[in-house]
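One structure is given below, encoded as structure tokens.
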Amino acid sequence: MEIGSFDRGDNISSIDEAKLESIKALRNGGIEPYPYSYSVTHHAKEIKESFAELEGKEVSIAGRAMQLRQMGGITFIDIQDRSGRIQGLIRNNELDEKSLLVLTNSSIGDTLGIKGVVMKSKRGEISVGAREITMLSKTLRTLPNKWQGLTDTEARYRYRHVDLMMNQEVLKTFETRSKFMRHVRDVLDSRGAIEVETPILQDVYGGAKAKPFKTTYHTLDDKQMYLRISDELYLKRLIIGGAERVYEISKDFRNEDADTIHNPEFTQIEYYEAYSDYETFMKMMEEMLSSFALKTFGGMKIEYQGETIDFTPPFARMYWVEELKKITGIDVSTMSDEEARKLNDAELLGLKHPDPYHVADSLFDKYLKNKTYQPTFVLDFPAYMCPLTKIKRGNPLRAERFELYCGRMEVANSYSELTDPTYQRKMFDDQERERKKGDEEAPPFDEEFLDAMEYGMPPTAGIGISIDRPTMIFTNQTSIKEVILFPPMKSLPPNELSNEKDQ
RNA sequence: GGGCCCGUAGCUCAGUUCGGUAGAGCAUCUGGCUUUUAACCAGGUGGUCGUGGGUUCGAUUCCCACUGGGCCCGCCA
């Protein structure tokens with residue numbers, strides 16, 4: 001099979017006959033090539049960092065053999081574990097019979113355990129001088145080129161396990177992602193919030209404007225179900241119920257094309273806090289991002305794609321409707337349908353649905369988005385753009401909503417949540433009308449949610465915090481696929497030969 | 001959905017300009033070597049050149065379609 005075509009779609013390399021022979025040889029010598037456990041005392045990085053204390057002491061390390069230099073009676077094996085690499089130094093005449101058998105049947109890619117003494121080689125390389133070598137897992141496959149490694153983007157995503165073993169910085173990226181998610185949780189937990197789980201499979205989707213994935217729940221009653229586009233409405237029902245502070249780490253699904261900053265399946269943390277408004281969350285976000293930068297990178301400034309992003313609070317505030325008016329003379333908050341259509345033509349926006357909502361949004365992208373490289377609160381949206389938001393105090397044309405931008409990407413979206421059930425019902429009616437006109441992104445009427453709202457919802461601030469995009473910034477990546485372990489890939493064409501024997 | 005680029009050995013890449021069924025390095029196999037670290041030296045194995053069709057005496061190379069990937073645009077708060 002060949003990698004270039006991915007014909008079989010199941011493997012990046014073929015099974016190596018010689019390695020099967022090694023397995024036989026090991027078993028003939030009484031050694032199981034797939035044992036149960038191994039006692040690891042140290043990681044590579046620890047040994048290198050604490051060499052002074054560890055020199056002469058016995059340690060056990062385990063990991064994948066990435067390089068192997070054999071010169072007659074002495075072998076150097078570079079063992080890679082999660083922390084990095086360290087050299088094993090093996091002299092044949094110091095090994096017992098079993099270790100020697102393991103050594104002669106070892107190859108690059110095997111997972112090995114080495115027990116021995118911390119020392120330096122003649123060339124000064126910190127090493128583990130082996131007394132015992134244990135086969136922990138015999139590989140059947142061949143690793144990519146030790147220098148260039150695996151660089152083909154498609155292969156890296158389809159065979160992420162190979163990507164991880166060949167490109168250790170990928171693991172660092174996902175460690176950073178994990179740290180960020182942990183940090184957001186910590187911040188919310190410290191506010192006394194509880195983490196909840198709400199349905200991913202929903203009868204009535206809502207909480208955002210987006211095309212859903214449809215599915216069918218045959219076992220229940222064969223009805224149409226949807227993968228959630230947002231968990232907003234469920235979390236609000238919990239606020240109505242008295243939970244006061246709730247959040248969910250939510251995988252949301254939107255049936256749209258992928259690009260470098262969108263993935264059909266993405267992760268955000270939605271958080272709702274009773275008795276607070278969007279000002280509370282602007283402060284919270286400043287604190288959350290700056291403290292993460294400080295804790296993780298030792299400073300408020302980080303490098304992203306050759307430019308510095310400064311997370312020192314306070315972040316810039318862009319009152320974008322006013323800003324846009326200054327630049328273009330257009331007030332998008334009072335734009336009529338007719339004016340929107342004209343602007344679509346005059347500004348060459350090329351929108352399919354040139355309604356005020358899309359035109360305003362498009363004008364922001366055209367004139368203002370490029371000014372959001374530094375952390376920037378883009379705030380006070382036209383009221384008509386925000387059907388689930390309270391109108392701004394003192395200005396009925398605006399809504400109390402902000403989007404936090406960073407690196408020209410939207411990374412959070414927050415409102416002073418609408419709590420007036422009568423007004424909310426009117427908003428749903430409007431949406432329903434749009435929907436009947438053919439806007440398939442307009443969310444359906446949600447009577448259950450309105451019923452809940454009619455019991456009375458306390459003043460509440462809500463926010464959705466992206467996990468994917470801040471991770472891109474913190475790991476200096478330009479594609480969302482680099483921060484998603486298994487990004488969706490198109491199916492490979494079936495191979496007619498795939499039922500035939502292989503190898 | 002539109003444009004541009006790409007797919008050659010397990011990996012990383014040459015070769016395609018001007019058509020004659022393919023090369024390198026690493027990996028792998030054999031032999032040598034007891035302090036290497038891109039180890040080294042000698043020899044060997046390995047490819048229906050992404051898929052299908054067309055032009056041609058002959059196609060990895062030219063043409064068309066398809067497929068997978070990347071980037072840009074559109075769409076997606």
Side-chain angles (χ1 to χ4, degrees), chain A residues 1-7 9 11-19 21 66-78 85-94 107-109 119-127 129 141-159 162 166 208-211 229-230 254-264 266 320 349-353 357-358 360-362 364-365 369 378 381-382 385-389 401-403 405 409-410 412-413 415 440-441 464 478-479 481 487 489-497:
Chain A
M1 80 188 72
E2 50 277 287
I3 172 69
S5 65
F6 292 101
D7 270 348
N11 275 302
I12 199 169
S13 71
S14 52
I15 290 181
D16 184 347
E17 287 293 336
K19 293 186 169 70
E21 290 304 314
M66 301 305 290
Q67 287 192 39
L68 200 148
R69 296 174 292 281
Q70 254 169 328
M71 22 201 331
I74 189 165
T75 304
F76 300 91
I77 300 181
D78 292 346
R85 293 187 186 185
I86 191 162
Q87 172 173 279
L89 191 163
I90 300 150
R91 294 188 202 82
N92 290 8
N93 59 15
E94 292 180 6
S107 55
I108 290 176
M119 58 176 288
K120 273 190 181 172
S121 71
K122 275 187 186 165
R123 294 286 177 91
E125 178 80 17
I126 293 172
S127 311
R141 306 248 173 216
T142 307
L143 258 47
N145 182 311
K146 67 187 170 195
W147 278 110
Q148 289 88 353
L150 186 68
T151 61
D152 182 278
T153 310
E154 179 178 2
R156 287 185 45 236
Y157 296 157
R158 287 192 195 273
Y159 309 100
V162 183
M166 298 310 295
K209 279 193 80 161
K211 203 167 127 188
I229 57 173
S230 160
R254 298 186 183 175
N255 204 342
E256 304 288 350
D257 281 349
D259 63 26
T260 49
I261 59 167
H262 293 87
N263 197 59
F266 65 99
W320 72 278
L349 301 177
L351 295 170
K352 273 185 285 188
H353 304 290
Y357 180 102
H358 286 101
D361 194 45
S362 183
F364 170 80
D365 284 352
K369 199 185 203 167
V378 173
F381 283 61
M385 291 181 84
C386 316
L388 298 168
T389 312
R401 168 182 177 184
F402 73 80
E403 288 183 346
Y405 275 74
M409 294 184 284
E410 181 199 337
N413 183 13
Y415 326 138
E440 59 181 338
E441 287 173 8
T478 56
S479 170
K481 288 194 169 98
M489 303 294 277
K490 286 190 184 173
S491 304
L492 297 168
N495 185 342
E496 304 80 354
L497 303 174

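Just so we're clear, the structure is a prediction, and the values are computed from it rather than from any experiment.
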Under 4.5 Å between any side-chain heavy atoms of M71(A) and F76(A), yes or no? yes
Let me spell it out: for each of K120(A) and G149(A), pick the nucleotide of RNA chain B with the closest heavy atom. Which residue's pick is nearer the 5' end? G149(A)
To the closest 0.5 Å, what do you measure between CE (M409(A)) and OG1 (T478(A))? 9.5 Å
Reading RNA chain B from 5' onward, which residue's closest nucleotide shows up sooner: N93(A) or M385(A)? N93(A)
Minimum-distance nucleotide (side-chain atoms of E154(A) versus U28(B), A38(B), G68(B)): G68(B)
Remember a base hit wins even if backbone is also touched, and classify Y357(A) as base, sugar-phosphate or nothing at under 4.0 Å, heavy atoms. base
What's the closest nucleotide to the R123(A) side chain, out of U28(B), C71(B), U35(B)? U35(B)
Is a side-chain N or O of D259(A) found less than 3.5 angstrom from the main chain of H262(A), in a donor-acceptor match? yes
Value in whole Å for how far the C1' atom of U36(B) lies from CG of D78(A): 9 Å
Heavy-atom donor-acceptor pair, D152(A) side-chain to U12(B) base, under 3.5 Å: no
For residues E256(A) and K211(A), determine if any side-chain heavy atom of one lies less than 4.5 Å from a side-chain heavy atom of the other. yes
Pick base, sugar-phosphate or nothing for E125(A), based on heavy-atom distances below 4.0 Å to the nucleic acid. base
Identify all pairs in which a protein N or O lies below 3.5 Å from an N or O of nucleotides 23-26 of chain B, and state each distance.
{"from": "G25(B)", "atom 1": "N2", "to": "N145(A)", "atom 2": "ND2", "distance (Å)": "2.4"}
{"from": "C26(B)", "atom 1": "O3'", "to": "K146(A)", "atom 2": "NZ", "distance (Å)": "3.4"}

Would you mind classifying the nucleic acid contact of Y415(A) as base, sugar-phosphate or nothing, using non-hydrogen atoms under 4.0 angstrom? base
Please check the phosphate of U12(B) (OP1 and OP2 only) for any side-chain N or O of T151(A) closer than 4.0 Å. yes
Which nucleotide in the set U28(B), U37(B), A77(B) lies at the smallest distance from any side-chain heavy atom of A208(A)? A77(B)
Nearest to the side chain of Y157(A), which nucleotide is it out of U35(B), G70(B), A77(B)? G70(B)
Starting at atom OH of Y159(A), determine the distance to atom C1' of G68(B), rounded to an integer number of angstrom. 11 Å
Just to confirm, is there a sub-4.0 Å distance from OP1 or OP2 of A39(B) to any side-chain nitrogen or oxygen of Q67(A)? yes
Assign T260(A) to base, sugar-phosphate, or nothing according to its heavy-atom contacts below 4.0 angstrom with the strands shown. sugar-phosphate
Quick note, I74(A) side chain, CB onward, closest among G68(B), U34(B), A77(B) is U34(B)
Protein-nucleotide distance (R156(A), atom CZ; G7(B), atom P), rounded to Å: 19 Å
Can you find a pair of side-chain heavy atoms, one from I90(A) and one from I77(A), that are under 4.5 Å apart? yes
Identify the heavy atoms of L150(A) and A155(A) that sit nearest to each other, and give their distance. CD1-CB, 4.0 Å
Side-chain heavy-atom pair N145(A), M166(A) within 4.5 angstrom cut-off: no
Among A39(B), U37(B), G69(B), the nucleotide that comes nearest once only the side chain of Q87(A) is considered: U37(B)
Less than 4.5 Å apart, any side-chain heavy atom of W320(A) and any of P382(A)? yes
Just to be sure I understand the rule, does N92(A) reach a base, reach only the sugar-phosphate, or reach nothing, if contact means heavy atoms closer than 4.0 Å? nothing
Rounded distance (Å) that lies between atom P of A77(B) and atom CZ of F402(A): 19 Å
Partner nucleotide, any strand, of G68(B) [Watson-Crick/G-U, under 3.5 Å]: C6(B)
Under 4.0 Å between any heavy atoms, over every strand shown, what does M489(A) touch: base, sugar-phosphate, or nothing? Just pick one. sugar-phosphate
NZ of K490(A) versus P of G7(B): gap in Å, rounded? 18 Å
Show each protein N/O and nucleotides 73-76 of chain B N/O combination with a separation under 3.5 Å, one pair to a line.
{"from": "C75(B)", "atom 1": "N4", "to": "D259(A)", "atom 2": "OD2", "distance (Å)": "3.3"}
{"from": "C76(B)", "atom 1": "OP1", "to": "H358(A)", "atom 2": "NE2", "distance (Å)": "3.2"}
{"from": "C76(B)", "atom 1": "O2", "to": "H262(A)", "atom 2": "ND1", "distance (Å)": "3.2"}
{"from": "C76(B)", "atom 1": "O2", "to": "H262(A)", "atom 2": "NE2", "distance (Å)": "2.5"}
{"from": "C76(B)", "atom 1": "N3", "to": "H262(A)", "atom 2": "ND1", "distance (Å)": "3.4"}
{"from": "C76(B)", "atom 1": "N3", "to": "H262(A)", "atom 2": "NE2", "distance (Å)": "2.9"}

Return the value, rounded to whole Å, for the distance between atom CZ of R85(A) and atom P of A38(B). 12 Å
Starting from C1' on C41(B), measure out to CD on Q70(A) and report it in whole angstrom. 16 Å
How would you list, by chain and number, every residue that makes a ring-ring contact (aromatic ring centres under 6.0 Å, His included) with Y405(A), sequence neighbours excluded? F364(A)
Could you check which nucleotide pairs with A42(B) in any of the strands shown, counting Watson-Crick or G-U wobble with both distances under 3.5 Å? U30(B)
Decide yes or no for Q87(A) and R69(A): does some side-chain heavy atom of the first lie under 4.5 Å from some side-chain heavy atom of the second? yes
Contact summary for M119(A) and L89(A), nearest pair of heavy atoms: CE-CD1, 3.7 Å
Specify the separation, in whole Å, of atom CD1 of I86(A) and atom C1' of U36(B). 15 Å
Indicate, yes or no, whether a donor-acceptor pair under 3.5 Å links the base of U35(B) to the side chain of R69(A). no
Is there a donor and acceptor pair, one atom on the side chain of R141(A) and one on the base of A27(B), closer than 3.5 Å? no
